Amino acid sequence: MSTPVRSNSRLSLAMERTDRWVFSQDIPTDVVVVVCETTFSLHKFMLVAKSNYIRKLILESKEPALTKIDLSGIPGGPEIFEKAAKFCYGVNFEITVHNVAALRCAAEYLQMTDVYCDYNLAGRTEDFLAQVALSSLSGAIVVLKSCEDLLPLAEDLKIVQRCVDVISLKACNEANFPSRTPPNWWTVELSILDIEFIGRILSGMKKRGSKALTLASALITYTERNLRDLVRDQSGKCTKSSDSDDPNLHARERELLQSIVSLLPSEKASFPINFLCCLVRTAIFVNASNSCKNELEKRISVILEHVTVDDLLVMSFTYDGERLFDLDNVRKIISGFVEKEKNMAVFGGADFKGSSYSAAMHRVAKTVDSYLGEIANYPELTISKFNGIAILVPKGARKVDDDLYRAIDIFLKAHPNLDEIEREKVCSVMDPLKLSYEARLHASQNKRLPVQIVLHALYYDQLKLRSGVDDQPDAVATRSQLQSDVSLVRENEALRSELMKMKLYISDMQKNPGSSTKSIAAAAPPTTTGSRKHSFFSSMSKTLGKLNPFKHGSKDTFHINDNIGVDTTKPRRRRFSIS
């Protein structure tokens with residue numbers, strides 16, 4: 001065993017003497033090595049002494065004297081081959097964490113292993129990896145970063161896996177026992193890596209027992225540094241992505257975002273809600289896949305009770321803040337939360353109605369109403385979008401409708417061209433009887449509201465006044481009031497039916513004016529002064545007369561029948577009402 005060692009030592013010493021002799025004698029080169037667009041004039045015997053790959057090329061060449069060798073496929077390119085050539089000539093050069101992976105791959109490509117020659121380049125780089133590069137977290141991260149351009153050879157040589165294992169272990173230690181300040185310095189250094197390597201590192205950390213918040217911290221930092229123009233920080237103040245001439249910019253951003261979302265820990269509450277809202281806006285901006293958007297929306301809906309109005313606004317507007325998005329994502333988030341609350345109520349044996357709403361549901365209702373007030377003044381917000389969000393919250397979840405009334409008032413002010421029917425449609429999501437006294441007072445004087453809503457507010461005030469004057473109203477009076485209200489509703493329905501008939505009749509007359517006139521003349525019976533049948537207009541006028549609230553004076557006439565005499569005694573002082 002000692003003889004080969006001595007022979008190898010003699011060979012190494014001989015090579016060193018040969019190297020010195022080559023440089024001192026200025027021996028002419030006999031081969032040109034081409035690497036991409038760079039050429040190197042070298043000596044065959046110096047390369048063959050270290051590289052088994054070059055030796056095979058020369059021996060297997062059909063040319064009697066091979067003068068040109070193409071090594072454009074060498075990992076690392078011309079720069080790394082130059083260092084490998086220096087190693088063949090015995091010239092010193094520096095191995096660093098930045099080039100050690102490329103040198104190791106180049107040594108494998110050129111077959112400069114210890115099997116072919118002792119103390120070859122492969123052995124030197126392996127020693128550096130084990131003793132220097134992979135001894136620290138920062139060094140392992142730099143080596144892994146350099147492997148991105150050396151795949152798949154770096155993977156085959158286990159360099160990537162060794163780096164991932166070292167980084168996962170040392171990152172767990174740093175998360176539990178920080179050695180520097182700030183404590184999350186390691187998350188910043190990880191952000192230079194490719195997202196695929198990040199996924200493998202986080203998976204390794206999870207296997208070693210890292211908490212979800214630790215993994216989330218690493219992903220947040222990575223996202224903020226790699227999607228800097230789209231997700232700046234957790235404040236919700238994101239900036240618009242800078243315009244670029246690169247047509248593939250959005251495609252790269254979209255793929256990166258989708259990869260980040262796929263790595264989010266399964267624990268739903270691991271991330272700040274404003275960070276998730278920024279991700280939703282980014283997903284809309286880069287046109288991410290539906291699965292990516294759905295995952296983010298589900299995560300937000302789970303913790304929606306902690307959301308603020310500003311958080312909802314983040315994912316509702318474009319980056320310049322001048323235009324609304326489609327708002328489908330907001331509707332899905334609110335709908336998901338309401339469905340979750342409903343399921344929890346069912347499993348808890350409670351009824352999802354009335355007073356059984358949770359405190360979280362009440363908070364979300366108030367937040368949604370305030371959110372509607374913030375977006376109501378944008379002209380592109382349609383009635384269907386406004387109502388579509390408002391009706392997602394169950395009416396019983398709102399203790400009072402003051403915030404919703406404020407949003408409706410802002411919407412009507414920003415859309416002054418709405419007709420009466422459209423304004424009634426907007427107001428249909430609100431219950432006028434759930435307004436506070438101040439809101440009812442404002443509504444009774446609000447000219448933007450439909451007349452029906454104003455009457456509701458005035459009527460409710462009258463009922464409140466009655467209950468305040470008569471502390472204990474008897475059952476007869478209450479029953480009489482209810483009967484009057486039912487009668488009024490029936491008469492309103494009858495009037496509506498008469499108006500519809502009149503509208504159809506007039507429309508028919510406009511289409512066929514001649515035939516209508518003749519048919520009227522033919523159908524009209526001979527009139528007499530003694531007896532006259534009631535015409536359509538006279539019956540309609542009679543119906544309108546019954547509904548006149550001032551028919552018998554200024555006092556309240558809800559409970560007075562037309563066939564009963566009017567009591568002319570002076571009524572008690574009360575507020576006037578319009579029914």
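What you see is a predicted model, and the numbers here were worked out from it, not measured in a lab. FYI, the numbering just counts along the sequence from 1.
- Partners of Ser210 under the side chain to side chain contact (heavy atoms under 4.5 Å, CB included) rule, at least two apart in sequence or in another chain, are Cys172, Met205, Leu215.
- With sequence neighbours left out, Tyr371 forms a ring pair (Phe, Tyr, Trp, His ring centres under 6.0 Å) with no residue at all.
- Residues meeting the side chain to side chain contact (heavy atoms under 4.5 Å, CB included) test with Ile391, sequence neighbours left out: Val429.
- With sequence neighbours excluded, no residue forms a ring pair (Phe, Tyr, Trp, His ring centres under 6.0 Å) with Phe337.
- Sorted by first and then second residue, the pairs that involve residues 184-199 and meet salt bridge (Lys or Arg N to Asp or Glu O under 4.0 Å), not counting sequence neighbours, are Arg180-Glu189.
- Remark: Phe197 pairs with no residue by the ring pair (Phe, Tyr, Trp, His ring centres under 6.0 Å) rule, at least two apart or across chains.
- Legend: ring pair (Phe, Tyr, Trp, His ring centres under 6.0 Å) pairs involving residues 96-115, not counting sequence neighbours, sorted by first then second residue: Tyr53-Tyr109.
- Under the side chain to side chain contact (heavy atoms under 4.5 Å, CB included) criterion, Glu60 pairs with Lys56, not counting sequence neighbours.
- Considering only residues two or more places apart in sequence or on other chains, Arg124 meets the salt bridge (Lys or Arg N to Asp or Glu O under 4.0 Å) condition with none of them.
- Glu79 meets the side chain to side chain contact (heavy atoms under 4.5 Å, CB included) test with Lys83; sequence neighbours excluded.
- Residue pairs meeting the side chain to side chain donor-acceptor pair (under 3.5 Å) criterion with at least one partner in residues 140-152, sequence neighbours excluded, are Lys145-Glu148.
- Note: Tyr357 and His362 have perpendicular aromatic rings, judged against thresholds of 30 and 60 degrees for the angle between ring planes.
- Pairs passing the salt bridge (Lys or Arg N to Asp or Glu O under 4.0 Å) check and including a residue from residues 100-110, sequence neighbours excluded, read Arg104-Glu108, Arg104-Glu126.
- The residues Lys293 and Glu297 are annotated as not salt-bridged, no charged nitrogen and carboxylate oxygen being separated by less than 4.0 angstrom.
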